[in-house]
2 protein chains.
Amino acid sequence: MSEDVAPPRRDRIFVQVTVDLAILTVRDGSLQILLIRRGNEPYQDHLALPGGFIREGEGLRDAAHRELHEETGLDGTLLHLTQLGAYGDPERDPRGRIISVAFLAIAPHLPSPVPGSDAVGARWMPVESALADRTFLAFDHYEIATDAVERARTMLEQTMLAPVFCAPEFTMGELREVYEVVWGIPLDPRNFARKVKNTPDFVKETGHKRSPAIGRPAILYTAASPSDATLYPAMLRHAMREAAE
Amino acid sequence: MSEDVAPPRRDRIFVQVTVDLAILTVRDGSLQILLIRRGNEPYQDHLALPGGFIREGEGLRDAAHRELHEETGLDGTLLHLTQLGAYGDPERDPRGRIISVAFLAIAPHLPSPVPGSDAVGARWMPVESALADRTFLAFDHYEIATDAVERARTMLEQTMLAPVFCAPEFTMGELREVYEVVWGIPLDPRNFARKVKNTPDFVKETGHKRSPAIGRPAILYTAASPSDATLYPAMLRHAMREAAE
DNA sequence: TCAAAAGTGTTGCTTGTACACCCATGT
DNA sequence: ACATGGGTGTACAAGCAACACTTTTGA
């Protein structure tokens, strides 16, 4: 803010600001993202990230929470919201200068039809499909979604975020599935469980169990920390690197 | 962008957007940040981060580069610019709704008077001093600067960013000083040098040497990678953790 | 008795840390 | 000779990957 001398009027342009949400979940063995079908121009009938304009006196995170609630029907306090950053290319929206602040939201495994009010036409789609083509999503949402997935991957690695993908109570297998799906690599169940349980304040047993169709009942766990607590040592740096080749 | 039905006019508010720069360097054995003294209200005579309003048709990163050049006189392509995110609290600027997109810039050890044109009144200050009091800096620049320092710390850990703090040619000792100053902990010179030289594409010898007042001449190195290349395994997770207690 | 989930143990490898010790150079 | 910057070796601990083996449980 070095406007020591009032700059010429043309330098103080006004723009509109939206928030866009990359809402990720793990469903049917794949990482999925919530998309809506646009009803208006521009990009009418294209798929896009949910989002909308910020309102008067409304903070960015508040706007994101409001949109999240409108799109998914979920109370945002249960979900993890991280700001990804601002996307402000002058050409990103044909309607004019519109800057978007993108947020990453991690959702637990929700029932298939998203029950939100605005959410007519909202659907989950595997990120693999949504990001197969750079122009499949409207605006610059390909960039935003790509950044979101990448951010989710590293957050999984470095924080105790994973339980946010799960229901309040989850089994070791469900927790492991989150990592396997988001990273796209298989993990050793035994070493995984050992690592998780040896990490202080990661998960704790609830005392409950859940019986599968056949087999030994699975122990149910809950998160024992705020989801953004840093995990040390980080999860699995090695296996991910190898898979990247 | 779920404006399926055109929202009422009051929901499509217009705001002004600034870019703010947290420009960090290592000087005199401490991590320092570039600050300007504000000449106008609000916060007249307070210290603040350099920055300014974005212009018509100008991308966010372009605006950051322009401001960086105006404030430091340096060509931004030499410096590392990372977006920290958008700061959009409705109350953050008393002039009205102004959203700021903050960038982190890493500067090499520059000569003391910053030679930029707008840079009259710009000065380096140890982050320790600048962040001693939450209200020392104007606006929400305390938050921005805090986030910037934290980001610099983790980037140092996980990428090959460190040489950007140094002159084009640097000694092992100078490179090590960057880590020691940014992290605030001493490092073992021998293990540090081993780690750096065993990491492929981190630094390479220039063939030049530099003789100190007395003692063996130091070997000069250059960066051998783009500065945002990820460093694996990461630098020194352990020592930093211990120092945090 | 069988399959699913969980738990234990072991080996080999990589990395980080601490520290003893050696080398090179110019005043 | 000596301080300064550089470099090697080595012993110890921590952590991870792979994998063999055992245990618990309910249909």
Side-chain angles (χ1 to χ4, degrees), chain A residues 29 156-158 166 169-180 183 185-200 202-221 230-245, chain B residues 156-158 166-167 169-180 183 185-200 202-221 230-245:
Chain A
L156 218 53
E157 200 179 353
Q158 289 163 7
C166 301
E169 298 197 342
F170 50 87
T171 68
M172 266 299 157
E174 289 168 350
L175 189 65
R176 179 164 42 83
E177 195 201 359
V178 170
Y179 285 86
E180 293 183 326
W183 285 349
I185 53 168
L187 296 178
D188 185 302
R190 294 145 313 181
N191 290 334
F192 177 82
R194 190 177 355 220
K195 164 87 186 177
V196 168
K197 296 209 288 189
N198 285 344
T199 302
F202 195 173
V203 297
K204 60 170 188 279
E205 296 190 19
T206 62
H208 309 153
K209 295 186 178 190
R210 184 199 300 157
S211 292
I214 48 175
R216 175 176 175 174
I219 299 171
L220 290 170
Y221 298 86
T230 65
L231 191 158
Y232 181 80
M235 209 71 193
L236 258 193
R237 303 159 303 145
H238 210 71
M240 223 184 146
R241 290 244 137 205
E242 285 171 357
E245 292 157 22
Chain B
L156 217 53
E157 202 178 353
Q158 289 162 9
C166 301
E169 297 197 340
F170 50 87
T171 68
M172 266 299 156
E174 289 168 349
L175 189 65
R176 178 164 45 83
E177 195 201 359
V178 169
Y179 285 87
E180 293 183 327
W183 286 347
I185 53 168
L187 297 178
D188 185 304
R190 295 142 315 175
N191 291 333
F192 177 82
R194 187 174 2 219
K195 165 91 186 175
V196 168
K197 297 210 286 189
N198 285 342
T199 302
F202 195 172
V203 298
K204 60 170 188 278
E205 295 190 17
T206 61
H208 309 153
K209 296 187 176 188
R210 183 200 300 157
S211 291
I214 48 172
R216 174 178 175 172
I219 299 172
L220 291 170
Y221 298 86
T230 64
L231 192 156
Y232 181 82
M235 207 74 193
L236 257 191
R237 303 158 302 146
H238 209 71
M240 223 183 143
R241 291 243 138 205
E242 285 170 357
E245 290 155 22

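So that the names make sense, note that chain A is the first sequence line, chain B the second, and so on, each numbered from 1.
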[X] [atom1] to [N] [atom2]: how many Å, rounded?
X        : N      : atom1 : atom2 : value
A:Met172 : D:dT23 : CE    : C1'   : 17 Å
A:Phe192 : C:dG7  : CZ    : C1'   : 15 Å
B:Asn191 : D:dA13 : CG    : C1'   : 14 Å
A:Lys197 : D:dG15 : NZ    : C1'   : 18 Å
B:Glu174 : D:dT4  : CD    : P     : 16 Å
B:Ile185 : C:dG16 : CD1   : P     : 13 Å
A:Arg194 : D:dA17 : CZ    : P     : 11 Å
A:Asp188 : D:dA17 : CG    : C1'   : 8 Å

Distance from A:Arg216 atom CZ to A:Lys209 atom NZ, nearest 0.5 Å?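 NZ of A:Lys209 is found 6.5 Å from CZ of A:Arg216.
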
Given side chains that start at C-beta, do those of [X] and [Y] come closer than 4.5 Å, heavy atoms only?
X        : Y        : value
A:Ile185 : A:Tyr179 : no
A:Pro217 : A:Arg210 : no
B:Glu177 : B:Cys166 : no
B:Phe202 : B:Leu231 : yes

Should A:Lys195 be listed as having a side-chain N or O under 4.0 Å from OP1 or OP2 of D:dC16?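 A:Lys195 to D:dC16 OP1/OP2: side-chain N or O found under 4.0 Å.
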
NA contact type, B:Tyr221, heavy-atom cut-off 4.0 Å: base, sugar-phosphate, or nothing?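 Counting heavy atoms under 4.0 Å across all strands, the contact made by B:Tyr221 is with sugar-phosphate only.
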
Could you check whether A:Ala193 gets within reach of a base, just the sugar-phosphate, or nothing at all, counting any heavy atom under 4.0 Å?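 Since no nucleic acid heavy atom lies under 4.0 Å of A:Ala193, the category is nothing.
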
Let me check the geometry of the helix from C:dT1-D:dA27 to C:dT27-D:dA1. What is the bend angle between the axes at its two ends, five pairs each, to 10°?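 Comparing the axis at each end, I get an angle of 10°.
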
With side-chain contact (heavy atoms from CB on, under 4.5 Å) as the test, would you mind laying out the steps for B:Thr171 and B:Ile219 before giving the verdict? CA-CA 6 Å; B:Thr171 68; B:Ile219 299 172; over 6 Å; no

Spell out, as yes or no, whether a donor-acceptor pair under 3.5 Å connects the side chain of A:Thr206 to the backbone of A:Leu220.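 A pair under 3.5 Å: yes.
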
Could you go through the side-chain contact (heavy atoms from CB on, under 4.5 Å) check for A:Met172 and A:Val196 one step at a time? CA-CA 9 Å; A:Met172 266 299 157; A:Val196 168; 3.6 Å; yes

Go through B:Tyr232 and B:Gln158 one step at a time and tell me if the side-chain contact (heavy atoms from CB on, under 4.5 Å) criterion holds. CA-CA 7 Å; B:Tyr232 181 82; B:Gln158 289 162 9; over 6 Å; no

Where each residue is assigned the nucleotide of DNA chain D containing its nearest heavy atom, which of A:Ser211 and B:Arg176 is assigned the position nearer the 5′ end?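 It is B:Arg176 whose nearest nucleotide is closer to the 5' end.
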
Distances for protein N or O near nucleotides 21-24 of chain C N or O, under 3.5 Å:
{"unit_1": "C:dC21", "atom_1": "N4", "unit_2": "B:Arg190", "atom_2": "NH1", "d": "3.3"}
{"unit_1": "C:dC23", "atom_1": "O2", "unit_2": "B:Arg216", "atom_2": "NH1", "d": "2.6"}
{"unit_1": "C:dA24", "atom_1": "O4'", "unit_2": "B:Arg216", "atom_2": "NH1", "d": "3.3"}

Which nucleotide wins on minimum distance to the side chain of B:Ile214, given the candidates C:dG7, C:dA5, D:dA3?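 Between C:dG7, C:dA5, D:dA3, the one nearest the side chain of B:Ile214 would be D:dA3.
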
